[in-house]
Amino acid sequence: MELINFVKDFAELFEETDANFFKPSTKFRDIEEWSSLVALSVIAMAFVKYKVRLSGDDIRKSLTIEDIFNIVKAKQ
Amino acid sequence: MYNPFSLKDKTVFITGASSGIGKAVAIECSRMGSRLCITGRNAERLNETYMQLEGSGHLQLVADLQSEDAIRSVVDRVPVLDGIVYCAGIARPLPFQFTGKETLEEVMGINFNSPVILSQLLLENKKIKKGASIVFISSVSGVFCSSAGGSIYSASKGAINGLVKGMALDLAPKMIRVNTVNPGMIDTNIFSEGTITQEQLTEDIKRYPLKRFGKPEEVAYSVIYLLSDASSWVTGSSLLIDGGFTLL
Ligand SMILES: NC(=O)c1ccc[n+]([C@@H]2O[C@H](COP(=O)([O-])OP(=O)(O)OC[C@H]3O[C@@H](n4cnc5c(N)ncnc54)[C@H](OP(=O)(O)O)[C@@H]3O)[C@@H](O)[C@H]2O)c1
């Protein structure tokens with residue numbers, strides 16, 4: 001599993017934010033579009049694409065996209 | 001003592017009695033004098049409920065209601081009933097784009113199909129007395145509102161509300177009453193799988209005019225009303241219990 005692909009999968013969950021904006025170090029909560037619905041989408045995406053069950057708390061304790069990537073990787 | 005809400009001499013069947021709302025309904029109904037047949041999936045937690053029931057002559061049946069065989073075996077073993085309370089249910093918060101046949105089958109299977117099939121088989125086997133009362137735990141979701149990631153759950157509850165209207169009409173000749181209770185957020189294990197964080201729930205509390213979530217017993221009291229003779233002219237109705245949530 002590659003960080004770069006994960007960032008791409010993450011970016012696809014957003015409608016308005018430009019895909020180029022997303023970097024591993026992006027603090028996702030600062031993105032205007034971020035919402036509890038997008039958080040649910042991240043959990044669903046991790047399950048569909050990576051077969052990993054994230055919890056709401058995994059998202060809560062993460063700051064950047066890479067933080068979430070690391071949790072997904074550790075759980076794989 | 002005068003008490004129009006008494007459940008004395010009534011035999012009541014309760015699904016989802018191993019946790020949350022179903023557990024509280026079971027315990028409170030036993031306190032009101034009813035004889036119970038309780039069911040749940042987790043044997044240990046179902047037994048915990050069983051141990052807390054007042055009175056005697058109660059029955060517990062472990063069953064996974066996703067399985068039609070398990071449903072049939074429950075129907076075979078339940079006594080003739082004066083009341084039924086369908087509390088078994090799941091929420092699988094998932095944005096609509098990510099829901100598929102699997103989620104649909106899982107959520108509709110337990111929230112909608114299982115109480116429908118149970119009711120049909122109980123009627124067929126003459127296990128529901130004339131004048132009995134059937135109560136479904138529906139929700140505010142799918143009837144008055146929904147929530148992020150709640151489309152299929154809402155659909156299952158909206159379906160229950162629709163079902164109850166038709167069922168109430170068709171069972172009226174047997175004097176069987178059919179109603180729903182529609183709770184807002186209640187403190188139970190329903191989100192224990194962790195998709196929704198404690199932090200989000202705390203934030204959600206602020207949207208309730210009465211400034212807290214409901215307690216399982218508060219749902220149980222309304223169920224007692226609908227099971228008792230106090231509601232003998234009430235059928236096809238929905239009782240909203242939501243701390244004012246849907247007013248805003
Ligand atoms: N909590 C709320 O905020 C809320 C609000 C509105 C409506 N409701 C509704 O109220 C009902 C009860 O929910 P709750 O909050 O009390 O949730 P809960 O604490 O999670 O309890 C759910 C119950 O359903 C049973 N159940 C789930 N899947 C089952 C299956 N396949 N076969 C048999 N039993 C199964 C569980 O049995 P095991 O634990 O033994 O597996 C448990 O007893 C549900 O229909 C829910 O939709 C809840």
Side-chain angles (χ1 to χ4, degrees), chain A residues 1-2 5-19 21-22 26-76, chain B residues 19-20 89-109 111 139-142 145-157 184-208 213 245-246 248:
Chain A
M1 157 190 191
E2 297 246 9
N5 291 336
F6 185 80
V7 173
K8 220 183 262 171
D9 291 333
F10 195 94
E12 270 181 24
L13 303 173
F14 292 76
E15 296 295 331
E16 283 151 26
T17 316
D18 192 276
F21 174 84
F22 295 87
T26 302
K27 292 181 175 161
F28 54 85
R29 252 178 237 97
D30 294 345
I31 305 172
E32 214 184 319
E33 251 189 273
W34 178 257
S35 67
S36 59
L37 179 60
V38 181
L40 284 179
S41 303
V42 173
I43 293 172
M45 178 274 283
F47 186 67
V48 171
K49 297 239 162 144
Y50 300 95
K51 297 280 163 272
V52 165
R53 283 201 188 277
L54 287 179
S55 70
D57 265 338
D58 291 332
I59 310 276
R60 192 183 54 82
K61 65 187 187 213
S62 300
L63 199 63
T64 65
I65 300 176
E66 187 168 4
D67 292 341
I68 301 182
F69 168 82
N70 287 331
I71 295 174
V72 172
K73 202 165 168 187
K75 284 192 171 183
Q76 253 183 340
Chain B
S19 177
I90 52 169
R92 286 276 176 279
L94 210 55
F96 180 73
Q97 310 86 288
F98 289 97
T99 62
K101 204 169 165 212
E102 206 177 301
T103 319
L104 202 54
E105 280 172 0
E106 191 188 9
V107 176
M108 290 305 279
N111 293 7
S139 176
V140 290
S141 192
C145 57
S146 191
S147 56
S151 58
I152 306 300
Y153 178 77
S154 294
S156 73
K157 296 302 186 180
M185 188 68 87
I186 308 294
D187 268 322
T188 69
N189 293 323
I190 197 153
F191 290 123
S192 63
E193 102 291 2
T195 314
I196 308 285
T197 61
Q198 201 48 51
E199 205 180 30
Q200 282 168 295
L201 292 175
T202 309
E203 198 53 36
D204 196 42
I205 288 181
K206 296 184 186 147
R207 297 164 62 203
Y208 281 74
F213 288 157
F245 181 73
T246 54
L248 290 171

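To find a chain, count down the sequence lines: A is the first, B the second, and so on, and within it residues start at 1.
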Ring pair (Phe, Tyr, Trp, His ring centres under 6.0 Å) partners of residues 52-76 of chain A, not counting sequence neighbours, each pair once = Phe6(A)-Phe69(A)

request  = Under the side chain to side chain contact (heavy atoms under 4.5 Å, CB included) rule, collect the residues that match up with Glu2(A), sequence neighbours excluded.
outcome  =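 Residues passing side chain to side chain contact (heavy atoms under 4.5 Å, CB included) with Glu2(A): Ile4(A), Asn5(A).
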
key: By side chain to side chain contact (heavy atoms under 4.5 Å, CB included) - contacts of Ala155(B) (at least two apart)   =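 Counting only residues at least two positions away or on another chain, Ala155(B) forms no side chain to side chain contact (heavy atoms under 4.5 Å, CB included).
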
Which donor-acceptor pairs sit under 3.5 Å apart between chain A and chain B?
residue: Gly56(A); atom: N; partner: Gly194(B); partner atom: O; Å: 2.7

inquiry  = What's the separation between atom CD1 in Ile196(B) and atom CG in Leu40(A), rounded to the nearest 0.5 Å?
reply    =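 Answer for the CD1-CG pair, Ile196(B) versus Leu40(A), is 5.0 Å.
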
request  = Under 4.5 Å, counting heavy-atom pairs only, tell me which of Gly100(B), Gly149(B), Gly194(B) racks up the most with chain A.
outcome  =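 Ranked by contacts with chain A, first place is Gly194(B).
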
ask   = Would you find more than 12 non-hydrogen atoms of other residues, nucleotides or ligands less than 6.0 Å from Glu32(A) atom CD?
value =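 No, CD of Glu32(A) has 12 or fewer neighbouring heavy atoms, counting only those of other groups under 6.0 Å.
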
